[in-house]
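Below is one structure, written out as structure tokens; comments come after it.
Predicted, not measured: the structure shown is a model, and the values here were computed from it. Order of the sequence lines sets the chain letters (A, B, ...), proteins ahead of strands, with each chain counted from 1.
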Amino acid sequence: MRVTLTVNGEVRSADVEPRTLLAYLLRDEFRLTGTHVGCDTTSCGACTVLLNGVPVKSCTVLAVQADGGEVMTVEGLEQDGQLHPLQEGFWESHGLQCGFCTPGMLMTAYALLREVPDPDEETIRRAISGNLCRCTGYQNIVKAIRYAAERLSAAGAVAGEVK
Amino acid sequence: MFPAPFEYLAVRSVEEAIDALARHGYDAKVIAGGQSLLPMMKLRVAAPSVLVDLNRVEGLSGWQEDAQGLRIGATTRHAALERARPLAERYPLILATAPWIADPLVRNRGTMAGSLAHADPAADWGAAFLALRGQVEVQGPQGTRSIGADDFFVDIFTTSLAADEIITAVRLPRPVGHPEATYLKLERKVGDFAVVGVALNLEVDPEGRVAQAGIGLAAVGPKPLRAPQAEAALIGQRLSFNLAREVAALAAEAADPTSDQRGSAAFKRDMVRVFVQRGLESLRQRIEGRQPASA
Ligand SMILES: Cc1cc2nc3c(=O)[nH]c(=O)nc-3n(C[C@H](O)[C@H](O)[C@H](O)COP(=O)(O)OP(=O)(O)OC[C@H]3O[C@@H](n4cnc5c(N)ncnc54)[C@H](O)[C@@H]3O)c2cc1C
Ligand code: FES
Ligand code: FES
């Protein structure tokens with residue numbers, strides 16, 4: 001089946017079997033290998049991408065179900081060579097060790113900050129409870145997300161002053 | 001990992017979906033959130049040759065309230081119910097239960113109707129649906145019918161739905177009194193299925209007496225269970241510590257658990273008792289907090 005979707009702002013098409021999972025369309029057809037497949041059993045969240053703005057486990061959505069939709073992957077975070085404040089936060093606060101879970105963490109955190117721009121620790125921990133990390137113990141992931149929240153709100157405040 | 005090959009039908013209407021099911025019989029399955037079905041297909045535990053996707057059917061998503069109660073469309077996600085603040089007043093059990101289901105990512109796809117149709121005895125919605133005495137609206141080649149909660153679950157992963165029927169909505173009756181509710185769940189780790197789950201829903205009259213009681217149990221039987229004797233003991237009563245203890249013991253008798261890696265049958269039965277007592281105690285405090293301190 002032919003599927004056409006917007007991935008990180010770009011319209012992309014591919015011919016897929018109906019049984020192709022979205023994660024594999026992104027990785028194998030579109031070569032966007034930032035999206036990781038960890039467990040492949042809907043447990044770890046490493047494969048998290050935004051589908052029509054909502055974070056989902058892309059190993060558990062069919063590519064054909066995303067037809068006509070909008071997908072954002074970790075590759076969509078950086079803009080014009082500038083890391084997104086979340087990526088910067090993971091760098092600055094040591095929010096990763098092996099990095100396997102990071103793309104999924106980033107996408108979940110991105111959706112969280114859009115819904116709750118100033119989340120407390122409890123809210124962050126709840127939001128990332130579907131994303132497993134075997135390395136960090138989560139402490140620095142929470143700090144990294146807080147870092148981004150503060151950076152984004154400061155940027156928002158500056159933009160507000162300019163107006 | 002990927003499923004065995006299948007034909008995919010992105011139907012646009014309920015009629016089209018039923019038509020496909022009627023044509024393909026047991027070879028066809030509908031997919032809603034896909035959060036139970038796709039993992040099973042990837043493990044090849046399920047291998048439908050036709051997959052009928054409900055997600056593009058207009059009008060199946062979202063909830064509405066009317067004089068009779070609440071109607072939750074079949075493709076309404078768990079996450080939409082978790083965020084449905086306007087339901088807090090009349091349907092608090094929905095908001096109490098939703099955050100316990102799986103994890104936030106699974107909740108962004110999975111649906112209540114899909115969970116009920118899947119009929120996992122450990123599902124959280126199953127217990128809540130029984131406690132609220134819900135109904136499912138069903139459509140098939142012969143037309144529409146509705147199935148009450150007590151007649152819906154048949155056995156493990158088995159419901160009274162026919163192979164060519166789909167759930168179009170879940171209906172919950174409007175409460176007869178002021179509702180207070182809680183959901184208690186024991187899980188081995190966050191996001192896991194229940195070791196034991198207890199859904200409590202009380203509808204209280206203006207004098208603070210229980211007018212309607214619902215106690216639903218998850219993961220302690222071959223299907224989600226209701227505890228009718230425990231419920232009956234609450235009717236017409238004001239909650240008290242002793243009453244809660246009595247009701248909790250009756251609820252534990254209604255459980256029918258088996259021993260497995262999540263715990264022994266005796267442990268699970270006792271957790272039902274503990275949760276019912278603890279839950280009723282928290283509801284008592286909420287109810288008394290609302291009553292003028294007269295009686
Ligand atoms: C990691 C993980 C953890 C989970 N933890 C929990 C948990 O703690 N508690 C819990 O309750 N659930 C849990 N679940 C299950 C989750 O809630 C599913 O969303 C739910 O069981 C199925 O809903 P769905 O919409 O995804 O259905 P699908 O997977 O699309 O379908 C499930 C079944 O129902 C049928 N079906 C779906 N919709 C309809 C309909 N409208 N009419 C007729 N038949 C229909 C399908 O044919 C299929 O047989 C978990 C799932 C995962 C992957
Ligand atoms: S790879 Fe998708 S949840 Fe683990
Ligand atoms: S950094 Fe290794 S899994 Fe999270």
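- The line from CZ of B:F2 to CG of A:L62 is 13.0 Å long, rounded to the nearest 0.5 Å.
- Most heavy-atom pairs under 4.5 Å with chain B, from the set A:S129, A:P55, A:A127, A:G104: that is A:P55.
- Listed for the A:R19 side chain is no donor-acceptor partner under 3.5 Å among the backbone atoms of B:A4.
- Smallest separation of non-hydrogen atoms from B:P3 and A:L21: CD-CD1, 4.5 Å.
- More than 12 heavy-atom neighbours from other residues, nucleotides or ligands sit within 6.0 angstrom of CZ on A:R2.
- Note on A:T41, A:D67, A:T20, A:I128: by heavy-atom pairs under 4.5 Å with chain B, the leading option is A:D67.
- Annotation: maximal heavy-atom pairing with chain B below 4.5 Å, among A:E115, A:R126, A:E17, occurs at A:E115.
- Heavy atoms closer than 4.5 Å to chain A are found nowhere in B:A102, neither backbone nor side chain.
- For the pair A:P18 and B:Y8, the tightest heavy-atom approach, listed with the atom from each and the gap, is CB-CB, 3.6 Å.
- In this structure, the side chains of B:L38 and A:Q65 come closer than 4.5 Å at one or more pairs of heavy atoms.
- In terms of heavy-atom pairs under 4.5 angstrom with chain A, the leader among B:L43, B:D53, B:N55, B:L51 is B:D53.
- No side-chain donor-acceptor contact under 3.5 Å links B:N108 to the backbone of A:V54.
- One finds the CZ atom of B:R109 at 6.0 Å from the CG atom of A:L51 (value rounded to the nearest 0.5 Å).
- Heavy atoms of A:T108 lying under 4.5 Å from chain B belong exclusively to its side chain.
- Using a 4.5 Å heavy-atom cut-off against chain B, no residue of residues 134-148 of chain A qualifies as contacting.
- For B:L37, no part sits under 4.5 Å from any heavy atom of chain A, backbone or side chain.
- Side-chain contact between A:K57 and B:D103 is present, with at least one heavy-atom pair separated by less than 4.5 Å.
- Your options are A:V56, A:T48, A:V64, and the one with the most heavy-atom pairs under 4.5 Å with chain B is A:V64.
- For B:R56, the part lying under 4.5 angstrom from a heavy atom of chain A is the side chain only.
- In this structure, no portion of A:V37 lies under 4.5 Å from any heavy atom of chain B.
- Enclosure of atom CD in A:E92 by more than 12 non-hydrogen atoms of other residues, nucleotides or ligands within 6.0 angstrom is indicated.
- Residues satisfying the side-chain hydrogen bond (donor to acceptor under 3.5 Å, both in side chains) test with A:T42, not counting sequence neighbours, are A:T60.
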